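Below, chains carry the letters A, B, ... as their sequence lines are ordered, and counting in each starts from 1. Because the structure is predicted, anything quoted here is derived from the model rather than measured.
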There are 2 protein chains.
Amino acid sequence: MTDLKSVNNPLFLREEELRQAIELLFFAYRDFTAGPDQILKDYKFGRAHHRVIHFVGRNEGMTVSELLDILRITKQSLNRVLSNLIQRGFIEQRQGEEDRRQRCLYLTEEGRSLEQKVSRVQRELVASAFREAGGEAVAGYRKVLTGLIDEANRDTVLNRVLKP
Amino acid sequence: MTDLKSVNNPLFLREEELRQAIELLFFAYRDFTAGPDQILKDYKFGRAHHRVIHFVGRNEGMTVSELLDILRITKQSLNRVLSNLIQRGFIEQRQGEEDRRQRCLYLTEEGRSLEQKVSRVQRELVASAFREAGGEAVAGYRKVLTGLIDEANRDTVLNRVLKP
DNA sequence: AAATATATGTCAACATGACTGACTTAAAAT
DNA sequence: ATTTTAAGTCAGTCATGTTGACATATATTT
């Protein structure tokens, strides 16, 4: 007997396909963050610290406001994590040269070393997935993920991601 | 002057490409979860509740153990969320027929309705990204995300995702 | 039948990382 | 001189994760 769902409901396959895509993203993201989480545990840092180290590493000299804007958390939330990273010598602040209210953020030697260590496992995972999937698939991955980014600030985000 | 990085370090472009892919996933996942989060707030539910509703919805009659295995959290963590959902009538449990120690999980009418509502915004987002990107890109997206899933249980996960 | 293992639930204590709201300080902009 | 902005801080709350210890019912093994 033919499956009633596909006969009677032409949207079924499409909905099913979308649900699969959603779960795939869930599981991929879960495993994508597992490696860094493991390493950071040794330093008693969490995912929040990781994000700060990552973005400061890629945007040396960025201000606190810029970081808040990327992370989309409150400054109170950031502050606990950030002051912890500063106290423990992974990040340092310098007063802005033009605008002296700003605190520009930099990784210390130690911070850079941790960033590298954590980043490496993640890059190796992605590199391996890219190798397995092939160049065309990688282009597709980028296209789809780009489309998932909120349209309202997609350009802003892409500029940040692509402009190193 | 030519950029020294690309001249002296042939790995630079590759590393940069990988870092971009990583950030892309971060931002895409952030916006991918924003829609559901917004809706769930009205119900005073969080992302944890969403995950439970999602997986129970797609695996009606699954046991608590199976759910724990998917979510990778402790049963104490799950219990808080799950008993909340049961109390408020979004999920119901039935004793397993073969193994009466098991509690099999089902969405109630209300649960199914919430699942649909939340799922819809997420499916619409993914559908829109898929449309923009095209069929070939979608295949690539799937390939790469599959490769990001931990190899040790990739088959298990894929079976769960693809076998509806 | 008795002992052991498994599925589930529960109590308590704690950590992390989010939130809101109120307030301060220094510097820039008007 | 006044207002706005960038950053920091204090205090309290919530959501979601963790350990560890223990209870109960049912299956499985001996």
Side-chain angles (χ1 to χ4, degrees), chain A residues 26 29-30 33-34 36-56 61-88 91-106, chain B residues 26 29-30 33-34 36-56 61-88 91-106:
Chain A
F26 169 78
Y29 197 79
R30 185 188 69 175
T33 51
D37 285 356
Q38 201 52 41
I39 294 173
L40 290 154
K41 222 179 351 184
D42 298 341
Y43 292 77
K44 305 213 168 169
F45 286 143
R47 210 171 280 182
H49 300 85
H50 179 200
R51 289 194 284 257
V52 171
I53 286 181
H54 170 90
F55 285 109
V56 171
M62 77 191 305
T63 67
V64 172
S65 299
E66 283 165 352
L67 187 52
L68 283 173
D69 187 45
I70 290 178
L71 297 177
R72 299 248 184 99
I73 58 176
T74 60
K75 65 179 171 179
Q76 296 92 324
S77 290
L78 174 59
N79 206 256
R80 207 173 16 193
V81 173
L82 184 55
S83 54
N84 187 344
L85 284 165
I86 292 168
Q87 258 188 322
R88 291 180 50 191
I91 284 189
E92 66 173 0
Q93 293 181 308
R94 296 181 214 150
Q95 196 168 46
E97 293 192 349
E98 287 181 20
D99 186 336
R100 294 189 310 174
R101 290 171 303 183
Q102 296 177 336
R103 296 301 124 90
C104 301
L105 304 172
Y106 299 86
Chain B
F26 168 78
Y29 196 80
R30 184 188 70 176
T33 50
D37 285 355
Q38 202 51 43
I39 294 174
L40 290 155
K41 220 178 356 183
D42 298 340
Y43 292 78
K44 307 218 170 167
F45 286 142
R47 211 172 280 184
H49 301 85
H50 180 200
R51 290 194 283 257
V52 170
I53 285 182
H54 171 89
F55 284 109
V56 172
M62 76 191 304
T63 67
V64 172
S65 300
E66 283 165 352
L67 187 52
L68 283 173
D69 187 44
I70 290 178
L71 298 177
R72 299 251 183 98
I73 58 176
T74 60
K75 66 178 172 180
Q76 295 93 324
S77 290
L78 174 59
N79 205 255
R80 206 169 16 199
V81 173
L82 184 56
S83 54
N84 188 344
L85 285 164
I86 292 168
Q87 257 187 321
R88 291 180 50 193
I91 284 190
E92 67 173 0
Q93 293 181 310
R94 297 181 213 148
Q95 196 168 45
E97 295 192 348
E98 287 182 19
D99 186 335
R100 294 189 310 174
R101 290 171 303 181
Q102 295 177 336
R103 297 298 126 93
C104 301
L105 304 172
Y106 298 86

**Q** Side chain of A:Arg88, backbone of A:Tyr43: donor and acceptor closer than 3.5 Å?
**A**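 A pair under 3.5 Å: yes.
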**Q** Looking at B:Arg100 and D:dT26, is any side-chain donor or acceptor paired with a base atom of the opposite kind under 3.5 Å?
**A**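 Between D:dT26 and B:Arg100, which were checked side chain against base, a qualifying N/O pair under 3.5 Å is absent.
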**Q** D:dG8 P sits how many Å from A:Leu85 CG, rounded?
**A**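 That distance rounds to 13 Å.
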**Q** Tell me the interatomic distance from A:Leu78, atom CG, to C:dA18, atom C1', rounded to whole angstroms.
**A**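 My rounded result for the distance is 12 Å.
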**Q** Quick check on C:dG17: is either OP1 or OP2 less than 4.0 Å from any side-chain nitrogen or oxygen of A:Ser77?
**A**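 Answer no for this pair, as no side-chain N or O of A:Ser77 is under 4.0 Å from OP1 or OP2.
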**Q** Checking all strands, does B:Ser83 fall into the base, sugar-phosphate, or nothing category for heavy-atom contacts under 4.0 angstrom?
**A**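 Nothing: the residue B:Ser83, judged by heavy atoms under 4.0 Å, touches no strand.
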**Q** Check every atom of C:dA5, D:dA6, D:dT9 against the side chain of A:Gln102 and return the nucleotide holding the closest atom.
**A**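 Given the options C:dA5, D:dA6, D:dT9, the side chain of A:Gln102 is closest to D:dA6.
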**Q** Output the rounded distance in Å from NZ (B:Lys44) to C1' (C:dC19).
**A**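 Nearest whole value for this atom pair: 14 Å.
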**Q** Suppose we screen for side-chain hydrogen bond (donor to acceptor under 3.5 Å, both in side chains). Which residues come up paired with A:Gln38, at least two apart in sequence or across chains?
**A**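 Residues passing side-chain hydrogen bond (donor to acceptor under 3.5 Å, both in side chains) with A:Gln38: none at all.
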**Q** Figure out the CD/C1' separation between B:Gln38 and C:dA18, and round it to whole Å.
**A**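 In whole Å, C:dA18 C1' and B:Gln38 CD are 15 Å from each other.
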**Q** Just jot down the side-chain hydrogen bond (donor to acceptor under 3.5 Å, both in side chains) partners of B:Ser83, sequence neighbours excluded, or say none.
**A**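 Expected list: none.
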**Q** Between atom NZ in B:Lys75 and atom P in D:dG17, what is the gap in whole Å?
**A**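 Between P of D:dG17 and NZ of B:Lys75: 17 Å.
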**Q** How long is the line joining CG of A:Asn79 and C1' of C:dC23, in whole Å?
**A**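 These atoms are roughly 14 Å apart.
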**Q** Of the nucleotides D:dT26, C:dA27, D:dT19, which one has an atom closest to the side chain of B:Gln76?
**A**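 For B:Gln76, the side-chain atoms sit closest to D:dT19.
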**Q** Of all the heavy-atom pairs spanning B:Arg30 and A:Asp69, show the shortest one and how long it is.
**A**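 So the two residues come closest at NH1-O, 4.4 Å.
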**Q** Please report the closest heavy-atom contact between B:Leu67 and B:Val52, naming both atoms and the distance.
**A**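 Shortest heavy-atom separation between B:Leu67 and B:Val52 comes out as CD2-CG1, 4.1 Å.
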**Q** Give the rounded distance in Å between these two atoms: CZ of B:Arg101 and P of D:dT24.
**A**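 Spelled out: CZ on B:Arg101 to P on D:dT24 is 17 Å.
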**Q** Among C:dG17, D:dT5, C:dT20, which is the nearest nucleotide to the side chain of A:Arg80?
**A**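 Output: C:dG17.
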**Q** Would you name the heavy atoms of B:Ala48 and B:Val81 that are closest together and state the gap between them?
**A**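 Minimum heavy-atom separation between B:Ala48 and B:Val81: CB-CG2, 3.8 Å.
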**Q** Whole Å only: how far is the CZ atom of B:Phe45 from the C1' atom of D:dA15?
**A**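 Rounded to whole Å, this separation is 13 Å.
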**Q** Output the single nucleotide from C:dG9, C:dC19, D:dT26 whose closest atom is nearest the side chain of B:Arg103.
**A**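 Of the candidates, C:dG9 comes closest.
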**Q** Hey, can you tell me if A:His50 and A:His54 have their rings parallel, tilted or perpendicular (30° and 60° cut-offs)?
**A**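 Aromatic pair A:His50/A:His54 classed perpendicular.
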**Q** Starting at the 5' end of DNA chain C, which residue's closest nucleotide do you reach first, B:Leu68 or A:Thr74?
**A**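 In this pair, the answer is B:Leu68.
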**Q** Heavy-atom contacts under 4.0 Å between residues 46-54 of chain A and DNA chain D, which residues?
**A**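 Output list: empty, so none.
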**Q** Could you check whether A:Glu66 gets within reach of a base, just the sugar-phosphate, or nothing at all, counting any heavy atom under 4.0 Å?
**A**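 Result for A:Glu66 = nothing.
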